[in-house]
Amino acid sequence: AGTFNEDELIALCVLILTAGHVTTIDQLANGIFALLSHPIELVKLQENPSLINAAIEEILRFDTSVPFTFRITTKPISVGQYQIPAGQLLALGLSAANHDEAIFSEPGKFDISRADNRHISFAYGPHFCLGAILARLELSIAIQSLIQRFPNLKLHPTKGYAIRSESIMFKGFHKLPVLLK
């Protein structure tokens, strides 16, 4: 442990603001795309707005905006048959874990009424995202507002295809054309 000097504190604040902003924008686009690509689930949510919290958890699990997190081992560890030395950089697949068949029944299915949705889109333990509560709230308000205001919202059939970003750090869209009707 230690203390931050003023420059480090400012840098940390900028990092937190930026990380929370980018990931929430990407997650919102991922959620809208998932709902519009699964119209039965969208109708289910429109007809039963009380499913919003479960829908947000499924959106986070199904298509997380942060597919990987990175950690450096502080001591040697064993993972299955592999021995990993201290100081090793690990890329941990949050998205892959969210589709683990040992944890989730039919992990490739988008189901907004999924029970016991123990995804790890916000990581876990001491590395749990400090913005998780705010991100869930922002997603809930944005998605509820969008589907209430535009009940006939659809992916645009002629304005070009949705274009995904190509980053290993963030998963969202560069372009997601929709019809608001």
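Note that the numbering runs from 1 along the sequence shown for the chain.
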Does the side chain of [Y] come within less than 4.5 Å of [X]'s, by heavy atoms?
{"X": "Leu45", "Y": "Leu35", "answer": "yes"}
{"X": "Ile143", "Y": "Ile59", "answer": "yes"}
{"X": "Leu179", "Y": "Pro157", "answer": "yes"}
{"X": "Ile77", "Y": "Leu90", "answer": "yes"}
{"X": "Lys44", "Y": "Ile112", "answer": "yes"}
{"X": "Leu139", "Y": "Leu60", "answer": "yes"}

Distance from [X] atom [atom1] to [Y] atom [atom2], nearest 0.5 Å?
{"X": "Asn98", "Y": "Glu58", "atom1": "CG", "atom2": "CD", "result": "9.5 Å"}
{"X": "Phe33", "Y": "Arg164", "atom1": "CZ", "atom2": "CZ", "result": "6.0 Å"}
{"X": "Thr69", "Y": "His127", "atom1": "OG1", "atom2": "NE2", "result": "8.0 Å"}
{"X": "Ile72", "Y": "Ile84", "atom1": "CD1", "atom2": "CD1", "result": "13.0 Å"}
{"X": "Arg136", "Y": "Ile52", "atom1": "CZ", "atom2": "CD1", "result": "13.0 Å"}
{"X": "Ile16", "Y": "Cys129", "atom1": "CD1", "atom2": "SG", "result": "9.5 Å"}

If two hydrophobic side chains count as joined below 4.5 Å and joins carry through other members, does [X] share a cluster with [Y]?
{"X": "Phe68", "Y": "Val66", "value": "no"}
{"X": "Phe173", "Y": "Leu180", "value": "yes"}
{"X": "Leu42", "Y": "Val178", "value": "yes"}
{"X": "Leu51", "Y": "Phe110", "value": "yes"}
{"X": "Ile56", "Y": "Leu137", "value": "no"}

Leu89 atom CG, over 12 foreign heavy atoms within 6.0 Å: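 Correct, the count exceeds 12.
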Counting neighbours of CZ on Phe150 that are heavy atoms of other residues, nucleotides or ligands and sit closer than 6.0 Å, is the number greater than 12?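 It does: Phe150 CZ has more than 12 such atoms within range.
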Judged by atom type as modelled, is there a donor-acceptor pair below 3.5 Å linking the side chain of [X] to the main-chain atoms of [Y]?
{"X": "Asn30", "Y": "Lys171", "result": "yes"}
{"X": "Ser165", "Y": "Gly172", "result": "yes"}
{"X": "Ser78", "Y": "Gln83", "result": "no"}
{"X": "Glu8", "Y": "Asn5", "result": "yes"}
{"X": "Arg61", "Y": "Pro107", "result": "yes"}
{"X": "Gln27", "Y": "Asp63", "result": "yes"}
{"X": "Thr73", "Y": "Pro85", "result": "yes"}

After noting the C-alpha distance and the side-chain angles of Ile10 and Phe4, does the key distance pass the side chain to side chain contact (heavy atoms under 4.5 Å, CB included) rule? CA-CA 9 Å; Ile10 290 169; Phe4 294 111; over 6 Å; no
Option from Thr24, Val22, Thr23 for which side-chain contact (heavy atoms from CB on, under 4.5 Å) with Asp26 holds: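 Of the listed options, the one satisfying the test is Val22.
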Can you tell me how the ring of Phe128 sits relative to the ring of Phe122, calling it parallel under 30°, perpendicular over 60° and tilted otherwise?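 Rings of Phe128 and Phe122: perpendicular, over 60°.
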Report the relative orientation of the aromatic rings in Phe62 and His38; use parallel for angles under 30°, tilted for 30 to 60°, perpendicular for over 60°.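 Judged by the thresholds at 30° and 60°, the geometry between Phe62 and His38 is perpendicular.
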Which heavy atom of [X] sits nearest to which heavy atom of [Y], and what is that distance?
{"X": "Leu36", "Y": "Pro39", "answer": "O-CD, 4.0 Å"}
{"X": "Leu94", "Y": "Ser121", "answer": "CD1-O, 4.1 Å"}
{"X": "Ala102", "Y": "Asp100", "answer": "N-OD1, 2.8 Å"}

Think Arg114 forms a cation-pi with Phe104, using NZ or CZ under 6.0 Å from the six-ring centre and within 45 degrees of its axis?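 The answer is no, since Arg114 fails at least one limit relative to Phe104.
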